[in-house]
A.B. asks: 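Mind having a look at this structure? Questions to follow.
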Amino acid sequence: MEYKDKESWSKKAKIYDRNYLMTAEHAYWKETIAFAERCSWKAGSFLAGKMQENDFQEWERVCAVCVNGKVAGFSTFTERDELSERYDFTPFIGFVFVWELLNHLDKLHTTELGVVRIKRNLSLDTDDIVEWCKDKISSAHAIITRRGKNWYVTVDDIVITVNAHSCTIITAHRKKG
């Protein structure tokens, strides 16, 4: 990604506010397990199981990448990875995953109809629906899941739907029930 000036670069760089090398006692351990279980990558649930069992040697670590105080990615630093035994070198950096939606906040957009639909559904009076949605999506208590071609962000009793391929904010509505 290219940046035209230092200010736009620093804005993007500030999205990732913390990286933590963790053991099971760390405050973000359980949140990282939950994140890994629901991430779009199948290996995430395998890592979650290893973390629940604390299946790591004393010196091995799980790294959590946080955005606005919320886990948005992970990796591991371990003696062995899930590769064949024929690889006799160590240590490994493995299970590398960063949540795509949070990594592409700068690409989010919507259509004119999307703006009308979101304002109507949520009774919003804001001039910038995209920025409003970005703030909600990147909030620390947002729950982001992917089903098929869409991301679903549940936060503050609303659900925001984003097309995963085009980064188009399709709609937002109040959570049912």
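The model shown is predicted, which means the values in this text are computed figures rather than measured ones.
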A.B. asks: Listed by chain and number, what are the side-chain hydrogen bond (donor to acceptor under 3.5 Å, both in side chains) partners of Thr168, not counting sequence neighbours?
C.D. replies: His109, Ser166

A.B. asks: Enter the distance from Asp157:CG to Leu122:CG here, rounded to the nearest 0.5 Å.
C.D. replies: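 Between atom CG of Asp157 and atom CG of Leu122 there are 11.0 Å.
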
A.B. asks: When hydrophobic residues are tied together by side-chain contacts of less than 4.5 Å, even through go-betweens, does Leu21 share a cluster with Ile93?
C.D. replies: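 Different clusters: Leu21 never reaches Ile93 through Ile, Leu, Val, Met, Phe, Trp or Tyr contacts under 4.5 Å.
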
A.B. asks: Under 6.0 Å from the CG atom of Leu124, do we count more than 12 heavy atoms belonging to anything else shown?
C.D. replies: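 Yes, because the 6.0 Å sphere around CG of Leu124 holds more than 12 heavy atoms from other groups.
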
A.B. asks: Determine which pairs satisfy salt bridge (charged side-chain N to carboxylate O under 4.0 Å, His left out) with at least one residue from residues 122-133, sequence neighbours left out, and list them in order.
C.D. replies: Glu131-Lys134

A.B. asks: Which class fits the ring pair Tyr20 and His26: parallel under 30°, tilted 30 to 60°, perpendicular over 60°?
C.D. replies: tilted

A.B. asks: Please list all pairs passing the salt bridge (charged side-chain N to carboxylate O under 4.0 Å, His left out) test where one or both residues lie in residues 52-66, with sequence neighbours left out.
C.D. replies: Lys50-Asp55

A.B. asks: If you measure from OG1 on Thr76 to CE on Met51, what distance do you get to the nearest 0.5 Å?
C.D. replies: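 Here the interatomic distance stands at 10.0 Å.
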
A.B. asks: Atom OG1 of Thr145 and atom CD1 of Ile143: how far apart are they, to the nearest 0.5 Å?
C.D. replies: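 One gets 8.5 Å once the value is rounded to the nearest 0.5 Å.
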
A.B. asks: If I compare all heavy atoms of Leu108 with all of Val130, which pair ends up nearest, and what's the gap?
C.D. replies: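 For Leu108 and Val130, the tightest heavy-atom pair comes out as O-CG1, 3.5 Å.
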
A.B. asks: Could you state the interatomic distance from CD1 (Ile118) to CD1 (Ile160), rounded to the nearest 0.5 Å?
C.D. replies: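 One finds 7.5 Å between CD1 of Ile118 and CD1 of Ile160.
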
A.B. asks: Under a single-linkage definition using a 4.5 Å side-chain heavy-atom cutoff for Ile, Leu, Val, Met, Phe, Trp and Tyr, are Ile170 and Trp132 assigned to the same hydrophobic cluster?
C.D. replies: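 No, because Ile170 and Trp132 fall into different hydrophobic clusters, even though each may have its own neighbours under 4.5 Å.
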
A.B. asks: List for me each residue that meets salt bridge (charged side-chain N to carboxylate O under 4.0 Å, His left out) alongside Asp156, sequence neighbours excluded, and say none if there are none.
C.D. replies: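 For Asp156 the salt bridge (charged side-chain N to carboxylate O under 4.0 Å, His left out) partners, ignoring immediate neighbours, are Lys136.
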
A.B. asks: Quick one: do Met22 and Phe95 end up in the same hydrophobic cluster if we chain Ile, Leu, Val, Met, Phe, Trp and Tyr together by side-chain heavy atoms under 4.5 Å apart?
C.D. replies: yes

A.B. asks: Suppose the criterion is salt bridge (charged side-chain N to carboxylate O under 4.0 Å, His left out): which pairs have a residue in residues 164-174, not counting sequence neighbours?
C.D. replies: none

A.B. asks: Parallel, tilted or perpendicular: which fits the ring planes of Phe74 and Trp41, with parallel below 30° and perpendicular above 60°?
C.D. replies: parallel

A.B. asks: Output all residues satisfying side-chain hydrogen bond (donor to acceptor under 3.5 Å, both in side chains) with Thr171, sequence neighbours left out; order by chain, then residue number.
C.D. replies: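 By the side-chain hydrogen bond (donor to acceptor under 3.5 Å, both in side chains) rule, Thr171 matches Asn121.
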
